[in-house]
Amino acid sequence: LWDGDMDFLHDYVTINYYSYIRLASLALPLLHKTNGSLVIVGSIVGKTGSPFISYYAATKFALDGFFTSLRQELVMQGINVSVTYCVIGLIDTGFSVWFKETQKGSHKKLSPASDCAMAIIRGGATRQ
């Protein structure tokens with residue numbers, strides 16, 4: 001639950017939002033020259049929000065907004081850099097197991113991490 005810890009939030013935003021933008025900004029000149037691709041891993045929580053992880057949801061909403069806007073800006077400039085934003089659900093990881101346990105009565109199935117990884121790779125490789 002959100003407890004107002006601004007130091008934690010600052011660190012979390014730095015890691016889960018700012019770092020994505022920084023890395024993309026550093027990569028864009030080379031990606032522009034090579035017609036490359038950016039692949040960003042988001043979360044369904046960045047589309048719907050969820051209790052107990054407001055700080056996480058905030059960073060995923062922000063990533064979606066930033067990279068959706070960046071994709072449009074690149075198109076407007078005629079820059080052939082693909083921006084694929086992957087929206088993943090509950091993956092069989094420690095975080096998702098914990099999250100599922102916090103959702104009383106949740107029967108949501110956890111997807112295997114390897115399946116998720118392959119879907120991310122396919123999406124980036126096919127520029128979708």
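Because the structure is predicted, anything quoted here is derived from the model rather than measured.
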For residues [X] and [Y]: do they belong to one hydrophobic cluster (side chain heavy atoms under 4.5 Å, members Ile, Leu, Val, Met, Phe, Trp, Tyr)?
X     : Y     : answer
Met6  : Ile15 : no
Val13 : Phe67 : yes
Trp2  : Tyr12 : yes

### Query
Can you name the nearest heavy-atom pair linking Tyr55 to Leu9, along with the distance?
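Heavy-atom minimum between the residues: CB-CD1, 4.0 Å.
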### Query
What are the two closest non-hydrogen atoms of Gly49 and Phe61, and how far apart are they?
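Gly49 and Phe61 have their closest heavy atoms at N-CE1, 3.8 Å.
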Would you compute the distance between atom [atom1] of [X] and atom [atom2] of [Y] and round it to the nearest 0.5 angstrom?
X     : Y      : atom1 : atom2 : result
Cys86 : Arg122 : SG    : CZ    : 11.0 Å
Thr84 : Ile121 : OG1   : CD1   : 12.5 Å
Thr59 : Asn16  : OG1   : CG    : 4.5 Å
Ile88 : Asp115 : CD1   : CG    : 12.5 Å
Lys60 : Thr48  : NZ    : OG1   : 13.5 Å

### Task
Step through the shown structure and confirm whether more than 12 heavy atoms of other residues, nucleotides or ligands are within 6.0 Å of CZ on Phe8.
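More than 12 within 6.0 Å, yes.
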### Query
Residues two or more places apart in sequence or in another chain: which of them pass side-chain hydrogen bond (donor to acceptor under 3.5 Å, both in side chains) with Thr68?
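Only Asp64 meet the side-chain hydrogen bond (donor to acceptor under 3.5 Å, both in side chains) criterion with Thr68.
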Ignoring hydrogens and angles, write down the donor-acceptor pairs under 3.5 Å from the side chains of residues 23-45, residues two or more places apart or on other chains.
unit_1, atom_1, unit_2, atom_2, d
Ser25, OG, Ile21, O, 2.8
Thr34, OG1, Leu30, O, 2.9
Ser43, OG, Val45, N, 3.1

### Message
Contact between Phe66 and Tyr20 at the side-chain level, heavy atoms closer than 4.5 Å - yes or no?
### Response
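Contact flag for Phe66/Tyr20 side chains = no.
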#### Entry: Val87 and Tyr85, any side-chain heavy atoms less than 4.5 Å apart
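Yes, close enough: below the 4.5 Å cut-off.
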